[in-house]
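First the proteins, then the strands, lettered A, B, ... as listed; each starts at 1. None of these values were measured; they are calculated from a predicted model.
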Amino acid sequence: MNTTYDPSKESEIYKAWEDSGFFNPDRAPKKPRKAPPRSKPRKISSRGKQKVFSMVLPPPNVTGILHMGHAAMLAIQDILIRYHRMKGDKTLWIPGTDHAAIATQEKVEKEIYKKEGKSRHDLGREEFLRRVEQFAKESHDHIVRQTKRMGASLDWSREAFTLDEARTRAVREAFKRMYGAGLIYRGGRIVNWDPKLQTTVSDDEIEWKEEKASFYYFKYGPFEIGTARPETKFGDKYVVMHPKDGRYAKWKDGQKVELEWINGPITATIIKDGAVDPAFGTGVMTITPWHDATDFEIAERHKLDKEQIIDLRGKLLPIAGEFAGKKITEARPLVVEKLKAKGLLVKTDENYTHRIATSSRGGGTIEPQILTQWFVDVSKKFTLQKPLKGSGLKEIKGINPRNEISLKELMYMAVRSGQITILPKKFNKIYFYWTDNLRDWCISRQIWYGHRIPAWYHESKCIPRQGHEADVAKCKEVIVSDVKPKCEFCNAEFTQDPDTLDTWFSSGLWTFSTLGWPFGKAQGKPFDSAPFDKAQGGHGKPSKDFLMYHPTSVLETGYDILFFWVARMILMSGFLLGDIPFKTVYLHGMVRDAQGRKMSKSLGNIIDPLVMAEKYGADATRLSLIIGAAPGNDMKLSEDRVRGYRNFSTKLWNIARFIRMNEKPEFASLRSRYTAEDKKALVKALSIQKRVERSINTFRFHEGAELLYHYVWHELADKIIEREKKRLQGEHMAHAGTAHALLRELLRISITALHPFMPFVTEAIYQELYASEAKGDLLMIQNW
RNA sequence: GGGCGGUUAGCUCAGCGGCAGAGCACUUCGUUUACACCGAAGGGGUCGCAGGUUCAAAUCCUGCACCGCCCACCA
């Protein structure tokens, strides 16, 4: 043994684990062995009463490489997995990656533009997708290598991808069922349009940025209105005020007013609506329903006309008269100029800051637009799926399967009922608040990379087939299908919706699309030939994996995707299975740099976990991400910290080396000679192990890790070993043997308890000191 | 505007009713059956501020200040 632990061997250790097959719970020994095995591990013939522990890995985006946040996630989850595996539970951890639709597409688009100066439209859909897939594959391979390097004991035989065949079947089945239940609808609604990426984005993908702007007050007939966006005011013909605003009491709802506006005289209508804040500006505003969410809602309430002012490229439409074709940013000062010339500008407030919506993906300014999109209706009532007998599906507490419920209520109840526990607790309130205020989820995206929406549109020209001349009116306009449908009555073709689905639609299915769902006919067949499950609402025969591992035990992820992902998984499994996707949600904090900033490429403050692992070992990297990070709190990471834990690896290694150096051939039988002090030391070690166990069970990993760090360094090394040196070098060989036996046993307890935290060094030590010749004798599967 | 969290040693953070803790940094000493990526000894704190509850408060309650985050339709 060398004086320092050599982390470059970690890849070999990982390979030994992987080759053993024990990452796969079907191949892992049912009960970990206490004694070295004499023969090959027993195969499990029946489920028996073995406890099950299952998790899915939150699939990293195939947009590049893993960062420290991923490393922290892998470390925490691997602790849970290794602990449960050593406890003897049937333990499954499913790996996978996320196609991350918009994020990946954008990344590749940028790259192609940079290298070749071409846009995706220049390449065409097919060629562009080929490029994205190529990129995604390379990215995937890199991510898998990194994940293994961190020691994550995932069952690679079950690896999944949110855009592979099996998951595509799941997505289409889910879409079809939700459409069938009326929970997915297509409609004209106000959406967040990103003129830069030419796609809609969801509410959650918006980043608000403060911007300084001028705030103008204009004369609008007898009123004065304030606005920061005069260039949108061309179509404004409604003037809105609060119904209880005394200043405007003489104006009646619906009353008409003739007035002079940007491009000439118009007739405006008075509208009274509570959404207006009397204290803001003049308490009067005009509305632009096509380009503002609040205005849209007011218009909906009062059934007002809506007119489009700005096109999808961000340019003004003919309604703007002389300004048509101009970009909105160009038009703004010109419009102000014109209104001023007409004497309608009252005053300008230069010190006005407002928040503008930008896309968190492309950074472009969001321009709300009314567009025909696909939505998930979160408020529509439906009857909850009734779990089939013997299917392993459980009812969601507090919801009678025969009662009607909305997705919103379902998401709320699954957590409120206590069936799903969110840790740390503080996130419960945030979750409830979110579900309470949830609006319909826009799921269509105008991008190419992703799950194509399985909806087909009837071409407008109907050429009735013979004998069906009278049926043309019955032709279905939209058919949801995974294959190209044919019209019953005419020869018209169907064309598929060009849009793709929001990436979270597919990741929402992750906990069960990775376990063999959809069941029945669709399972295992290429999706082109597999019809959607006809028995709408039927479950089919559940897969073995599903029965065994669903709902998953724990969902561990960053708090930043509580809404994006966690909530959507609850929604999806609630509707499609009538079940919860997981029992406990544990949310970890973000990893930040030493100054507390987010790690990002532009700041150049990214600490690459792979570099850390090469330099200091994966174990040290893992420990640095665990210790000092309280549940749900952000943590600051610096290389110093990692270095500190590398020293601990070395310390542990040297303890092992010292014990090996003092091997006494006769140690084996000397247990009975333990003194009272020896026994006390053993009891202490075991009690530490118990406390570590408790820390893992309560998701307080930093406590367990710190406890072990302390015990090993300042108790085992500094006190016990120093003390035992006397006995070891004494004349009395038997006493020396006893001392050695004690140290050996204490170290074994220590590395066992430490294994989930630092799998590599502990395995290396186990192989040096404890393993038998038998193949597959690994610390990884020793009894905890 | 609403909500949540933070404020503890020089730095990074645990602790969340019972004698103020860890890691890093710092000071002094040390070529000991492993380890200098080490050991021994040590310095360093009105636990943000002001009240309150309690035998006892960093910990519970109230208010305030500053910092951070999340949510929201102020045109």
Side-chain angles (χ1 to χ4, degrees), chain A residues 1-5 190 203-204 208 215-217 225-230 232-233 236 239-241 273-288 291-298 352 354-355 357 368 424-434 436-437 439 559-560 562-563 589-590 592 594-596 598 616-617 620 623-624 627-662 700 702-703 705-707 709-710 713-714 717-718 721-722 724-726 728-729 736 743:
Chain A
M1 288 175 84
N2 294 325
T3 51
T4 52
Y5 163 72
I190 190 139
D203 291 348
D204 307 290
W208 294 90
F215 193 78
Y216 308 96
Y217 290 89
I225 58 158
T227 182
R229 301 200 59 190
T232 65
K233 297 287 162 200
D236 290 12
V239 55
V240 193
M241 58 213 71
D273 193 283
V276 178
D277 176 3
F280 186 85
T282 56
V284 179
M285 66 176 190
T286 60
I287 56 167
T288 315
H291 302 291
D292 185 285
T294 314
D295 294 359
F296 177 82
E297 278 169 20
I298 293 172
Y352 179 72
H354 66 155
R355 295 176 341 127
K425 268 193 234 133
K426 65 175 174 185
F427 291 108
N428 279 279
K429 249 191 182 172
I430 300 175
Y431 178 82
F432 292 138
Y433 187 83
W434 185 80
D436 284 347
N437 294 289
R439 289 194 283 176
Y559 66 72
D560 55 331
L562 175 63
F563 308 138
M590 305 291 109
R592 296 170 181 281
Q595 278 100 56
K598 256 191 173 172
Y616 304 111
L623 218 53
S624 72
I627 295 183
N633 284 1
D634 290 356
M635 71 163 314
K636 294 177 190 170
L637 183 79
S638 60
E639 193 166 333
D640 262 4
R641 288 174 63 92
V642 187
R643 197 179 300 123
Y645 295 112
R646 184 270 319 265
N647 296 354
F648 178 60
S649 295
T650 308
K651 188 77 188 176
L652 188 64
W653 182 253
N654 275 293
I655 291 169
R657 206 161 71 93
F658 177 78
I659 293 174
R660 155 134 287 182
M661 280 166 63
N662 282 285
R700 303 169 70 85
H702 65 286
E703 276 182 15
E706 226 173 310
L707 196 61
Y709 179 96
H710 235 84
W713 201 317
H714 301 302
D718 290 351
I721 288 186
E722 289 309 317
E724 293 308 322
K725 280 178 182 172
K726 276 186 222 123
L728 287 169
Q729 62 193 315
L743 292 179

Just N and O in the side chain of [X]: are any of them under 4.0 Å from OP1 or OP2 of [N]?
X        : N     : result
A/His714 : B/G21 : no
A/Lys636 : B/C13 : yes
A/Lys651 : B/G39 : yes
A/Asn633 : B/G6  : no
A/Arg439 : B/C73 : yes
A/Lys429 : B/C4  : yes
A/Arg657 : B/C35 : yes

Please report the distance separating the [atom1] of [N] from the corresponding atom of [M], rounded so that it comes out in whole Å.
N     : M     : atom1 : result
B/A58 : B/G21 : P     : 13 Å
B/G43 : B/U28 : C1'   : 10 Å
B/A75 : B/C66 : P     : 25 Å
B/C69 : B/C11 : C1'   : 23 Å
B/U8  : B/U59 : C1'   : 11 Å
B/A65 : B/A50 : P     : 15 Å
B/G10 : B/U27 : P     : 16 Å
B/C47 : B/U7  : C1'   : 10 Å

Can you label the angle between the A/Tyr709 ring and the A/Trp713 ring as parallel, tilted or perpendicular, going by 30° and 60°? tilted
A/Phe215 vs A/Phe280 aromatic rings, parallel, tilted or perpendicular, using cut-offs 30° and 60°? perpendicular
